[in-house]
2 protein chains.
Amino acid sequence: MIKQSGRAAEHSPIFVTVDLVIFTVRQDALQVLLIERGNEPHLGRWALPGGYVRDGETLDEAASRELGEETGIDGGRLHLEQLRAYSEPERDPRGRIITVAYLALGPELPLPTAGTDARAARWAPVTSLLGRAGTLAFDHDVILRDALETARSQLEYTTVAAAFCAEPFTIGDLRHVYEVIWGVTLDPSNFRRKVTHAEAFLVPTGERRFPEVGRPATLYRRGVARLLIPPLLRSGDVAGTGTSRVAAVRRER
Amino acid sequence: MIKQSGRAAEHSPIFVTVDLVIFTVRQDALQVLLIERGNEPHLGRWALPGGYVRDGETLDEAASRELGEETGIDGGRLHLEQLRAYSEPERDPRGRIITVAYLALGPELPLPTAGTDARAARWAPVTSLLGRAGTLAFDHDVILRDALETARSQLEYTTVAAAFCAEPFTIGDLRHVYEVIWGVTLDPSNFRRKVTHAEAFLVPTGERRFPEVGRPATLYRRGVARLLIPPLLRSGDVAGTGTSRVAAVRRER
DNA sequence: GCAAAAGTGTTAGACCTACACCCATGC
DNA sequence: GCATGGGTGTAGGTCTAACACTTTTGC
């Protein structure tokens, strides 16, 4: 049994949840999966999917399980990574609940069926949700904003953009992901050079895709590289001193 | 009160701690603060400082409080940021305890006095601790390794290196931080150009420091920039495909 | 003067942006 | 042919690594 040291009341155990920010690119927009809450608190409001961490389960496992429950997708097939923990004592009116947010990225996913404590589920364009606070339940506005900036930043330094594309995919598909998530248009020829020169990012399958119109495109699969070297920097937003932004960068070997 | 939904036993509340990776540069090495544990489990082993999150406290507040308790330093004066949560069910033999690791950076700090549940405290060179697993208690080896890679990466994209320098500092001081943490030697003139051209990174004080030998150096304080634009990339370790590394990048506005 | 660290200048090559241009396909 | 997206080439500017060189101090 757990033995508390010191004054017992000072550190009570805490309920821990995971919340998922599931991004996909569909209809020329970055979209996030939302559920309509079927229980109090925030009954009827839109929120990120999530749930309690169960006994004996790691956070990663809880996130993967919730992902499967909410989308019907095998969690192992999607890119899934921990974002950060959110711990404001008043963030949940039921009591002290800390949540660990996860970022999940995938190619166009089916609309999931509503789960046990959700009345409905839908894909929502991310940009339409930001800007006005209080759109989502709890502190999910903040989590979503953090997740968006993480995703945008990760496109620069990692190969996760490929996680948005169903394999096999074309360079045009990949460029579309960058354009939608960054909200810019990119030069097709320069983009091609960069991604094809980054080693182990793209592996040609030898096949081609024949579009409705235009020249057929070479098809690729994801290579084994996870870091994008050299990085593919957004150039548009370096204006100014960067004083209003804080960056945290993490890398594992 | 907290109302559990579903089968009650499936998601019990969990004890939550914060653990601190406190880095400083001293004696030409990156050093981390360790404490010798004065209680079971792992009595007598070296570990990262940390403690339980108290009722009504955010994780940031808990980290800041622990930092003050362990180092005697006003937590608000140090760079402090959340790294990530660690949640292996078996990571602590006392039971289910999740920890959220924090990274703290500061200029040469005093050796702290041992706290209530620590027999001793010391600074240890980081490189001497890595390589062999099982050096530290719990999963603190893993946390330390993650923190080191985060710190190394952050020097590239942010201005946190200045957090290792007591103000006012010289460009040589700053370069020394980069050299020690990256384990490389940098060209002084090119380094100077990069950091002085990065806007709002360094603010000259107008004063100079007169060393034992050599030309006096201009003194600077940290500017308001938190992102380093353009980044100051490590070039030495880009060899290979990057296949063995995973990157997670996060940015806030 | 000499050693040492600060600081400036220069040059060759890498890289990047913008854009012209060619290619392969459906209709 | 023509429209469309795929894909290649290239000139000009920018950035950077490497290193020669000058400056300012203590001794």
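What you see below is based on every heavy atom in this structure, not just the backbone, and it leaves out hydrogens, waters and symmetry mates. Just so it is clear: chains get the letters A, B, ... in the order the sequence lines come, proteins before strands, and each one is counted from 1.
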Interatomic distance where CZ belongs to B/Phe210 and C1' belongs to D/dG26 [whole Å]: 11 Å

- prompt: Which nucleotides of nucleotides 11-23 of chain D have their base under 4.0 Å from a protein heavy atom (B), which only their sugar-phosphate (S), and which neither (-), written as one string 5' to 3'?
  reply: ------BBB---B

Option from A/Leu219, A/Val195, A/Thr218 for which side-chain contact (heavy atoms from CB on, under 4.5 Å) with A/Leu202 holds: A/Val195

query: How is A/Arg209 classified with respect to the nucleic acid when contacts are heavy atoms under 4.0 Å: base, sugar-phosphate, or nothing?
result: nothing

- prompt: Residues two or more places apart in sequence or in another chain: which of them pass side chain to side chain donor-acceptor pair (under 3.5 Å) with A/Arg222?
  reply: A/Thr159

message: Strictly distance-based, threshold 3.5 Å: is any side-chain N or O of B/Thr158 a donor or acceptor partner for the main-chain N or O of B/Leu155?
response: no

- prompt: In whole Å, what is the span from the CG atom of A/Leu174 to the P atom of D/dG5?
  reply: 18 Å

query: Do B/Glu149 and B/Arg84 sit within salt-bridge range, that is, some charged N less than 4.0 Å from a carboxylate O?
result: no

field: CZ on B/Arg193 to CD1 on B/Ile171, rounded to 0.5 Å
entry: 11.5 Å

- line: Assign each of B/Thr218 and B/Gly214 the nucleotide of DNA chain C bearing its closest heavy atom; nearer the 5' end lies the nucleotide of B/Gly214

Closest non-hydrogen atom pair, A/Gly134 against A/Asp141: N-OD2, 2.7 Å

- line: Its 5'-most and 3'-most nucleotides having an atom under 4.0 Å from a non-hydrogen atom of chain B, DNA chain C is contacted over C/dA4 to C/dT10

task: For the pair A/Tyr157 and B/Tyr157, name the ring-plane relationship: parallel under 30°, tilted 30 to 60°, perpendicular over 60°.
output: tilted

field: Side-chain heavy-atom pair B/Ile22, B/Val32 within 4.5 angstrom cut-off
entry: no

message: Nearest heavy atom decides the nucleotide; on that basis, is B/Pro211 or A/Pro188 closer to the 5' end of DNA chain D?
response: A/Pro188

message: Whole angstroms only, please: what is the CZ-P distance between A/Phe191 and D/dG5?
response: 17 Å

query: Are B/Asp19 and B/Tyr86 linked by a side-chain donor-acceptor pair shorter than 3.5 Å?
result: no

- prompt: Which whole-number value in Å describes the distance from A/Asp173 CG to D/dG5 P?
  reply: 13 Å

- prompt: In whole Å, what is the span from the CD1 atom of A/Ile171 to the P atom of D/dG6?
  reply: 9 Å

